[in-house]
Enquirer: 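Sending over a structure as C-alpha cells; questions will come in a sec.
Computed over heavy atoms, backbone and side chain alike; hydrogens, waters and symmetry mates excluded.
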Amino acid sequence: ERHKDNLLFIDNMHLFDDTVGTHTPYFTNFLSGEVVRKGDIPQVAETIDNYLGRTIGRNTPISNLNLAGQSAGGNVLNSTLTWSSEITPVLPEVFPRQAFDRLFDVSGLMRDKSVLDYVKEQAEDVNRKLGRTDQAKLDEYLTAIRDIEQRIELATSKDRFTNWRPSISEPTMDRPGAGLPQNTKEHYQLLLDIIVLAFQMDQTRLATMHFQNDVTGMPFNFIDGVSNTGMHSISHHRKAEKALREYTKINEFHHSLLASMMDKMAAIKEGEDGSTLLDNTIILYGSTMRDGDPHDANDLPLIIAGGKNCDIRHGRALRPESLEDRRLCNLHLALAQRIGGRSTQGGPLQQFGNSHYPFKGLS
C-alpha cells in the first residue's frame, strides 16, 4: 500500500513459446529466455545481467553482483539465474561476509593484484612455448586477468568520479559475521542491504538476488502459521485450503522483503533534484511460475518497482495478449535500454535473446 505509486504490475508474460513441462526449463533461463539444452554439458545462453555487466557495468568496480539465499546444492540448473556464456553458469554468493568484502574490502583487492601480477608473468613465459590453439586459450585467460586488474584499479582509484558522487564513501553497515546466518529473514535482509549499499556507493549498478533454489526443500516454519514442510511441497497444494494458506504466507513474506528494500532506497537522496535511489533504480521482481502446483510458467507474476527517473510509469497493471508481446525478453530489452544498454558494437541495444522488440507500455 505505501509503495503503490512506485509499482507497475505486469501479467501474462512468458519465457518462450513452449511453456508446458517441469521446473528446470523456467528457472535458470529467467534472465536469458533461452530453452535449456540438456546433455553432458547443459547449454543455456548469456543472461541480461551478465551482458549489461560486460557493457555498462565496466564503469563500476563490480560489473554485476549475484546473490542468493540458498547454496547451489547438487544441480546448477536449479541454483543460478546468471550465465556468462551458453555453457558457463555463474553461481551466486550466499555468504553475506564474502559479498560485503568483495564490494568494500580494498586491502583484499590490493592483495589480489599482487597475485595477478605474479600469475601474468608466468603465463606470458608459458605462452612462448605453446601452439596457436593453446595460445588463443591462454590469451582468453590473460584477457580475463587484465579485466580484473582494471576493476581493481577502478575500485582503488580516489578520483574515479567526475561529476555525480555518491552520498557516502564508506559502508554504513557493519561487516557481517562469518558463515550463514541461522535466521532466514536476517540472512535475506543482510543480502538485500548489501545490494542497496552497493548501489548507494556506486560499487555496482547491476545485481540479482534469488531467494530460494528451484525445487527447494527449505522450510518456512519461522513464519506464523506455516508448517515445517518444505516450500516445494507446499507449492504443490492441490488446492487444499491449509496448503494454500501456507503458500500465501510464504509469498507475503517475500513481498515484505521487497517493501523493506524499497523503504531503504526511498530514504536515500541522490542529487540536488531531490530524487532518491529508488527513483533512479529499476527493480524487476517476480517468479518463474505463477502457480507451482500445475507448473504454470505461461503467466509470470512480475512487478517493476522504482525507476521513476527511468521512464517507468507506475500505479498500473499491464496484461499483453499477443504471443509476440508477451515474450519476457521483450521486457528485458526495454529495461536494458532504459539504463543505457549498448550493443557490443557500441550502438543502442536493439535485440536480446528471443525478443521481437522492446516491451510496450512501460512509459
Side-chain angles (χ1 to χ4, degrees), residues 3 27-28 30-31 47-50 52-53 57 60-73 76 78-84 89-105 108 155 166 168 170-214 216-220 222-223 231 250-268 277-278 281-288 303 305-306:
H3 289 299
F27 179 79
T28 196
F30 183 69
L31 297 178
T47 50
I48 189 65
D49 60 322
N50 195 84
L52 293 172
T60 53
I62 302 297
S63 59
N64 56 306
L65 181 65
N66 310 305
L67 304 179
Q70 190 172 13
S71 59
V76 68
N78 293 336
S79 308
T80 185
L81 295 174
T82 300
W83 290 68
S84 62
V90 180
L91 291 180
E93 180 60 70
V94 298
F95 291 92
R97 172 174 284 188
Q98 278 83 330
F100 184 90
D101 287 349
R102 184 182 174 212
L103 285 160
F104 308 117
D105 182 13
I168 57 174
E170 297 290 336
T172 53
M173 61 181 288
D174 294 332
R175 184 188 187 210
L180 288 177
Q182 295 303 302
N183 182 296
T184 299
K185 183 175 182 179
E186 177 189 343
H187 184 196
Y188 289 176
Q189 287 186 326
L190 265 177
L191 293 174
L192 293 175
D193 286 349
I194 287 171
I195 290 176
V196 172
L197 183 59
F199 285 166
Q200 184 181 10
M201 293 181 63
D202 202 37
Q203 293 295 102
T204 190
R205 296 176 189 172
L206 298 153
T208 59
M209 165 72 181
H210 77 262
F211 293 109
Q212 295 87 229
N213 297 337
D214 195 26
T216 180
M218 180 184 290
F220 283 79
F222 59 88
I223 301 173
M231 181 183 174
I250 294 172
N251 279 283
E252 289 174 345
F253 165 70
H254 290 114
H255 303 340
S256 73
L257 294 169
L258 172 66
S260 176
M261 182 181 186
M262 292 176 69
D263 286 339
K264 292 169 183 174
M265 296 175 75
I268 297 172
L277 180 59
L278 184 62
T281 304
I282 298 174
I283 303 171
L284 172 61
Y285 172 81
S287 174
T288 56
I303 294 175

Enquirer: Taking the side chain as everything from C-beta on, heavy atoms only, tell me whether Gln189 gets closer than 4.5 Å to Leu257.
Expert: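 Answer yes - side chains close enough.
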Enquirer: Using the side-chain contact (heavy atoms from CB on, under 4.5 Å) rule, take Ile268 and Val196 through it: C-alpha gap first, then chi angles, then the decisive distance, then the call.
Expert: CA-CA 10 Å; Ile268 297 172; Val196 172; 3.7 Å; yes
Enquirer: Determine whether more than 12 heavy atoms belonging to other residues, nucleotides or ligands lie under 6.0 Å from atom NZ of Lys264.
Expert: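 Atom NZ in Lys264 is packed in, count exceeds 12.
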Enquirer: Quick one: list whatever passes side-chain hydrogen bond (donor to acceptor under 3.5 Å, both in side chains) with Asn183, sequence neighbours left out.
Expert: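 Counting only residues at least two positions away or on another chain, Asn183 forms no side-chain hydrogen bond (donor to acceptor under 3.5 Å, both in side chains).
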Enquirer: Rounded to the nearest 0.5 Å, how far apart are OG of Ser287 and NE2 of His254?
Expert: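 Answer rounded to 0.5 Å: 9.5 Å.
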Enquirer: Give me the atom names and distance for the closest heavy-atom approach of Gly53 to Asn64.
Expert: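 That closest heavy-atom pairing would be CA-OD1, 4.1 Å.
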Enquirer: If you measure from CG on Leu103 to OG1 on Thr204, what distance do you get to the nearest 0.5 Å?
Expert: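 Taking CG in Leu103 and OG1 in Thr204, the distance rounds to 7.0 Å.
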Enquirer: Can you see which heavy atom on Arg205 is nearest to which on Phe199, and at what distance?
Expert: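 Taking Arg205 first and Phe199 second, the nearest heavy atoms are C-CE2, 3.6 Å.
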Enquirer: With rounding to the nearest 0.5 Å, note down the distance linking CE in Met231 to CZ in Phe253.
Expert: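 CZ of Phe253 is found 10.5 Å from CE of Met231.
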Enquirer: Specify the closest pair of heavy atoms between Gly179 and Phe95, including all atoms of both residues, with the distance to one decimal.
Expert: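 For Gly179 and Phe95, the tightest heavy-atom pair comes out as C-CD2, 3.7 Å.
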Enquirer: Is Leu65 close to Met209 at the side-chain level, that is, under 4.5 Å between some pair of heavy atoms?
Expert: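 With C-beta onward as the side chain, the pair stays apart.
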Enquirer: Can you name the closest pair of heavy atoms from Pro171 and Phe100 and give their distance?
Expert: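 So the minimum-distance heavy-atom pair works out to CB-CZ, 3.9 Å.
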Enquirer: Any heavy-atom pair between the side chains of Gln212 and Phe220 that's under 4.5 Å?
Expert: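 A side-chain contact exists here, since the closest heavy-atom pair is under 4.5 Å.
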Enquirer: Kindly compute the distance separating OG (Ser256) from CE (Met261), expressed to the nearest 0.5 Å.
Expert: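 One gets 13.5 Å once the value is rounded to the nearest 0.5 Å.
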Enquirer: Side chains of Met173 and Leu190, heavy atoms from C-beta outward: is any pair under 4.5 Å?
Expert: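 Heavy-atom side-chain distance check passes, below 4.5 Å.
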Enquirer: Tyr188: what forms a ring-ring contact (aromatic ring centres under 6.0 Å, His included) with it, not counting sequence neighbours?
Expert: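 With sequence neighbours excluded, Tyr188 shows a ring-ring contact (aromatic ring centres under 6.0 Å, His included) to Phe211, given in chain and number order.
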Enquirer: For the side chain of Thr288 and the backbone of Phe30, is there at least one donor-acceptor N/O pair under 3.5 Å apart?
Expert: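 Absent.
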Enquirer: Please report the interatomic distance CD(Gln203) to CD1(Ile194), rounded to the nearest 0.5 Å.
Expert: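 Answer for the CD-CD1 pair, Gln203 versus Ile194, is 12.5 Å.
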Enquirer: How would you list, by chain and number, every residue that makes a ring-ring contact (aromatic ring centres under 6.0 Å, His included) with His187, sequence neighbours excluded?
Expert: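 Here no residue qualifies.
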Enquirer: State, yes or no, whether a side-chain contact exists between Leu206 and Thr60 at a heavy-atom distance under 4.5 Å.
Expert: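 They are not in side-chain contact.
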Enquirer: So His3 and Asp263, do their side chains get closer than 4.5 Å, heavy atoms only?
Expert: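 Side-chain contact under 4.5 Å: yes.
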Enquirer: So, for Phe27 and Ser79, which heavy atoms are closest and what is the spacing to 0.1 Å?
Expert: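 Between these two residues, the closest heavy atoms are CE2-N, 3.7 Å.
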Enquirer: Which value, rounded to the nearest 0.5 Å, describes the distance between Ile283 atom CD1 and Leu278 atom CG?
Expert: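 Here the rounded value is 5.5 Å.
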Enquirer: When you measure from the side chain of Gln70 to the backbone of Asn213, do you find a donor-acceptor pair of N or O atoms at a distance under 3.5 Å?
Expert: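 Side chain of Gln70 to backbone of Asn213, a donor-acceptor pair under 3.5 Å: yes, one is there.
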Enquirer: Of Thr47, Thr208, Thr80, Asn50, which meets side chain to side chain donor-acceptor pair (under 3.5 Å) against Asn66?
Expert: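 Among the candidates, only Thr208 passes.
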Enquirer: Please report the shortest heavy-atom distance between Asp202 and Pro61, naming the atom on each side.
Expert: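 Scanning both residues completely, I find the closest heavy atoms to be O-CD, 3.8 Å.
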Enquirer: Should Pro89 and Thr28 count as side-chain neighbours, where that means a heavy-atom distance under 4.5 Å?
Expert: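 Side-chain contact under 4.5 Å: no.
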